[in-house]
Asker: 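Questions regarding the structure given below will be posed in turn.
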Amino acid sequence: MRSVGSGSDGRASLRGPRHGRRRGTDLRPAVRCPHAPAREQVAQAAAAATLPPPVGSVHTTVRRNASLVGLHSHSNPRSPPPTPPPLPTEANPAAAVPDDEMKGAMPPRPFMVPGPGGPMPPPQQQFGLVETRPPLAAVLRPRFNIPGLHPSAAAAAAAFGAGKIASTYDLVEPMRFLYVNVVKARDLPVSATGAIDPFVEVKLGNFKGTTAVKAASHSPSWQQVFAFSAAHLQSHLLEVAVRAKDLGGDDTVGRVVFDLAEVPVRVPPDSPLAPQWYRLETKRGEKMPHGEIMLSVWLGTQADEAFPDAWHSEAHAAAGPAAVASTRAKVYFSPKLVYLRVAAMGAQDLIPHDTSRPMSVCVKLQLAGQVRRTRPGAPPGAPNPIWNEEFMFVVAEPFDEPLVITVEDRVAPGRDEMLGRIILPLQAAMPRHDHFGKPVEPRWYNLMRPSDDPEKKEVKFASKIQIRMSLDFGYHVLDESTYYSSDLQPSSKPARKPSIGMLELGVLGARNLIPMKPKDGRTTDAYCVAKYGPKWVRTRTVLDTLNPQWNEQYTWEVFDPCTVITVVVFDNGQIGSKNGGGPDQRIGKVRIRLSTLETDRVYTHFYPLLVLHPSGLKKTGELHLAVRFTCTAWVNMMALYGRPLLPKMHYTQPIPVMQLDYLRHQAMQIVAARLSRAEPPLRREVIEYMLDVDSHMFSLRRSKANFYRITSLFYGFLAMLKWYEGIRSWRNPITTMLVHMLFLILICYPELILPTFFLYMFMIGLWNYRYRPRHPSHMDTKLSHAEMTHPDELDEEFDTFPTSRPADIVRMRYDRLRSVGGRVQTVVGDLATQGERAHALLSWRDPRATAIFIFLSLVVAIVLYVTPFQVLMVITMLYLLRHPRFRSRMPSLPFNFYRRLPAKSDMLL
């Protein structure tokens, strides 16, 4: 077998065939200790380098011109049962290869496939993370050009043709484009009928683009940029022709031809290339007496400022003029959201429509689509009701929507009569930037009755309502879950924290996407959307391909490291759909937590794109990202770990959980409505998927996943109990004697207990440093309990609310929920029983048991008073760690006594 080793220079190298001892054919799944020696891990990785990796993460390091690709795979030791069938692992490769085949056969070397960063092995793990080494400027050379620093990186940069200046596009691969900026024309000739309707046609090989037609103009202006990809340079000549729409036959007015070999190269941050006037020529190359066109032609990359709004040859030719806007890359910003706090205190002098019955008055508060109601006022039927209820709304600047307050009388179920109404602008609310400010005083407002004339300024008598309003800028308006939020800043600018660093994201490309439009004769028109803080970015749409390449880079300011950036991939539903204007279909999602990233390190990985359907889990492709987190204020970043996660007002005046969920839903609705009005719009289905709007809905799959997460927290405690059981059972007498000696030392010198404990924690942290995660976290299918989920559970998870399923299915799910609830009920009852037994020790419910307990308490108090504490601890330790020969298999006396104490289980009906 061919094995993988390391050369003297640290690079991967090939070694010749090496024969080892014969392996057994034990098919039991091997369990590997996470703290195995490094030498043993290298040897096992070399033995299994040519075998498929197990279920888990895959780490693939790809180097250009290297003779080997090293693979390192590991599985998650905390993944919940059930255990999958035995797979070939590093510790047990014989699980898949029979013994007679392994003895003499030499497995073939895995074939290589082309990738963005050069040749790389195919993904052998379905849901794993694959590390890559693309030729990025940030990786091939040092970020700061210091003489004498990193000479090998500088040599690699020169070998790959890297530029001299590290531009902001150092996390993506450069993509060459030919840009043509058509500005305007002048002194165009006239036709027999007068002025012509000119337009410009830019032609490069088989690719052709045209400007808009300017009607009856001798000096038209277009101001349009055309971009041709370097992969589509099918000719060495670029033709820019001025044509007329109203001319018959040959409609060419004149043209200008450029040789691509003479086109200049522009590299940002150079200033834009100045356009020049060119005299139009005939087809024979003769200069025309009249007619000039102003344009500029240059070779650039996607870092050019003209790239986002340029006419792209591949996009416009396939998308058509109507869908061109939806293919462009754009940056969006969420509206500034603020919480509006409104308290309905009371009302006076309400006049009912019918005085023969008592009034049941409530207040209805409406702000755009947000509607809240109070309970009926107290005392019932009084003309001066009191409510004292407080509500919160989500509002967005510039606060255009008014607050409509209506006082209604409930005359019948489902029927209300309006007693008065008032419309308040949001500018009437008092702004609050922190909880130390002046308290908001309530104000009285006149209610307008339905019969009142709104144009009448003076009202002799009016009912009144007391309202307290404030705009609470000190909160952070949550539009995403706090567990993976990307922004924790308050709405008030003076209260915001200073920036601590910068986050840079390079969206390189994707591979192996599934066809989303097979019925329309297309594959996939994919684009990416990334969100961090209030800033949303959208890449351009790459049309009709399963392996799109974007190579776009974006930057965010970082104010808190404990935040998450979310990147999703969608299929553009505005392109190629026969029905036209269909919804954008989700392809997958990636979340990256900034606190898990090392500073100033570039992470380049293929992230698996996973989508959960009612039919099951489906992998829809892999997304290639480059991420770098740069810290500019280390002291401030370290100090943030001791500060509250949310602004102070969330703790001084907390919002109830149920109300917080409602406000989060309203904030999502406002953000979706605002961003859907942009051009191109960020559609509602994209925003809902990004913000996880349905994360609060019930899911049996998520319930199981959370249950296993809770049980995994007790693994360390169970390991300690197992270790203690091994000590007290004297499985290793030497270890048990050492524990006895350590325990005696700590008893004699109790001041060493706390220093020993914290020193032990320090040593554990240092030991675990070598096993720290080397890759960003990604969607864990085992942790999510998505691989082994029953189809009916998934169908229930994707069901609407309220349900739309037949009655028999709903009945079956209700019975299943009752069964699960019965188990939870039993566990809760057992916990209550143990607590009631502890309470029964002194409650005299069992007089004999209480008498025994208080008598023993008196005896123990006297013994503890006259006996030194160290002696008692030694006796207790020797008793607990006594040899198994002096131990009985029967339950202990305290356990028997506790089990006999009464509980209240016999009092339940």
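No hydrogens, no waters, no symmetry mates; every other heavy atom, side chains included, goes into these values.
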Asker: Find out whether Pro847 and Trp844 are in side-chain contact, i.e. whether some heavy atom of one side chain is under 4.5 Å from a heavy atom of the other.
Answerer: yes
Asker: Quick test of your reading of the model: are Arg837 and Asp830 salt-bridged, counting only N-O distances below 4.0 Å?
Answerer: no
Asker: Looking at Glu725 and Arg731, does any basic side-chain N land under 4.0 Å from a carboxylate oxygen?
Answerer: no
Asker: A side-chain contact here means heavy atoms from C-beta on lying under 4.5 Å apart; do Tyr651 and Pro644 qualify?
Answerer: yes
Asker: State yes or no: are the ring centers of Tyr603 and His775 separated by less than 6.0 Å?
Answerer: no
Asker: Tell me, please, whether Trp730 has Arg728 positioned over its six-membered ring: NZ or CZ under 6.0 Å from the ring centre and within 45 degrees of its axis?
Answerer: no
Asker: Of all residues at least two apart in sequence or in a different chain, which pass the side-chain hydrogen bond (donor to acceptor under 3.5 Å, both in side chains) check with Arg900?
Answerer: none
Asker: Do Tyr484 and Asp692 pair up side chain to side chain, a donor and an acceptor below 3.5 Å, judged on atom types alone?
Answerer: yes
Asker: From Lys648 NZ over to Leu646 CG, what is the distance, rounded to the nearest 0.5 angstrom?
Answerer: 13.5 Å
Asker: Can you tell whether the side chains of Lys782 and Glu787 come within less than 4.0 Å, N to carboxylate O?
Answerer: no
Asker: Regarding Ser486 and Thr563, is there a side-chain donor-to-acceptor distance under 3.5 Å anywhere?
Answerer: no
Asker: Taking all non-hydrogen atoms of both residues, which atom of Ala903 and which atom of Arg845 are closest, and how far apart?
Answerer: O-NH1, 2.5 Å
Asker: Between Tyr607 and His778 (judged by ring centroids, cut-off 6.0 Å), do the two rings come close enough to count as a pair?
Answerer: no
Asker: Grab the two heavy atoms, one from Leu594 and one from Pro561, that are nearest each other, plus how far apart they are.
Answerer: CB-O, 3.3 Å
Asker: What's the separation between atom NZ in Lys722 and atom CD1 in Ile727, rounded to the nearest 0.5 Å?
Answerer: 13.0 Å
Asker: To the nearest 0.5 Å, how far apart are NE2 in His785 and OG1 in Thr789?
Answerer: 6.5 Å
Asker: Contact between Gln870 and Cys748 at the side-chain level, heavy atoms closer than 4.5 Å - yes or no?
Answerer: no
Asker: Any side-chain donor-acceptor pair under 3.5 Å between Lys589 and Thr566?
Answerer: no
Asker: Within the distance-only criterion (no hydrogens, no angle test), does the side chain of Lys904 pair as donor or acceptor with the backbone N or O of Asp906 below 3.5 angstrom?
Answerer: no
Asker: Quick one: is the NZ or CZ of Arg772 closer than 6.0 Å to the six-membered ring centre of Tyr769, and within 45° of its axis?
Answerer: yes
Asker: Evaluate salt bridge (Lys or Arg N to Asp or Glu O under 4.0 Å) for Arg774 paired with Glu131, printing each intermediate quantity in order.
Answerer: CA-CA 10 Å; Arg774 303 300 177 93; Glu131 186 177 10; over 6 Å; no
Asker: Specify the closest pair of heavy atoms between Phe897 and Leu841, including all atoms of both residues, with the distance to one decimal.
Answerer: CE2-CD2, 3.9 Å
Asker: A side-chain contact here means heavy atoms from C-beta on lying under 4.5 Å apart; do Met779 and Ser784 qualify?
Answerer: no
Asker: What's the shortest heavy-atom distance between His476 and Asp487, and which atoms?
Answerer: NE2-O, 2.7 Å
Asker: Below 4.5 Å, heavy atoms only, C-beta onward: do Leu663 and Met392 meet side chain to side chain?
Answerer: yes
Asker: Check whether any side-chain heavy atom of Val739 lies under 4.5 Å from a side-chain heavy atom of Trp723, and answer yes or no.
Answerer: yes
Asker: Considering all heavy atoms of both residues, which atom of Leu617 and which atom of Ala786 are nearest to each other, and what is their separation?
Answerer: CB-O, 3.9 Å
Asker: Test Tyr641 against Ser595 for side-chain contact (heavy atoms from CB on, under 4.5 Å), laying out the working first.
Answerer: CA-CA 11 Å; Tyr641 281 89; Ser595 59; 4.0 Å; yes
Asker: Taking atom CZ of Phe707 as the centre, report whether more than 12 heavy atoms of other residues, nucleotides or ligands fall under 6.0 Å from it.
Answerer: no
Asker: Just wondering, do Pro490 and Met649 contact through their side chains at under 4.5 Å, heavy atoms?
Answerer: no
Asker: To the nearest 0.5 Å, tell me how far Leu478 CG sits from Leu691 CG.
Answerer: 11.5 Å
Asker: Assess whether a salt bridge exists between Lys497 and Asp560, defined as any Lys/Arg side-chain N lying under 4.0 Å from an Asp/Glu carboxylate O.
Answerer: yes
Asker: Using a strict cut-off of less than 4.0 Å between a Lys/Arg side-chain nitrogen and an Asp/Glu carboxylate oxygen, indicate whether Arg664 and Glu480 qualify as a salt bridge.
Answerer: no
Asker: Using a 3.5 Å distance criterion without hydrogens, assess whether the side chain of Tyr662 forms a donor-acceptor pair with backbone atoms of Val657.
Answerer: no
Asker: More than 12 heavy atoms of other residues, nucleotides or ligands under 6.0 Å from CZ of Arg601: yes or no?
Answerer: yes
Asker: Ala626 and Thr604: which non-hydrogen atoms are nearest, and at how many Å?
Answerer: CB-CG2, 3.7 Å
Asker: Taking it one step at a time, do Ser491 and Val477 satisfy side-chain contact (heavy atoms from CB on, under 4.5 Å)?
Answerer: CA-CA 7 Å; Ser491 302; Val477 180; 4.0 Å; yes
Asker: Is a side-chain donor-acceptor pair under 3.5 Å present for Arg899 with Asn896?
Answerer: no
Asker: For the pair Arg702 (side chain) and Ser699 (backbone), establish whether a donor and an acceptor sit closer than 3.5 Å, ignoring hydrogens and angles.
Answerer: no
Asker: How long is the gap from CE on Met873 to OG1 on Thr876, to the nearest 0.5 Å?
Answerer: 6.0 Å
Asker: Determine whether Met741 and Leu744 satisfy the following criterion, side-chain contact (heavy atoms from CB on, under 4.5 Å), listing intermediate values before the conclusion.
Answerer: CA-CA 5 Å; Met741 295 176 58; Leu744 290 175; 5.8 Å; no
Asker: Answer yes or no: is there an ion pair linking Arg628 with Glu504, defined by an N-O contact shorter than 4.0 Å?
Answerer: yes
Asker: Within this structure, what is the OG-CG distance for the pair Ser843 and Leu901, rounded to the nearest 0.5 Å?
Answerer: 8.5 Å
Asker: Does any non-hydrogen side-chain atom of Pro494 lie less than 4.5 Å from one of Phe473?
Answerer: no
Asker: As a quick check of understanding, evaluate side-chain contact (heavy atoms from CB on, under 4.5 Å) for Thr711 and Tyr708, giving each step before the final call.
Answerer: CA-CA 5 Å; Thr711 55; Tyr708 283 114; 4.0 Å; yes
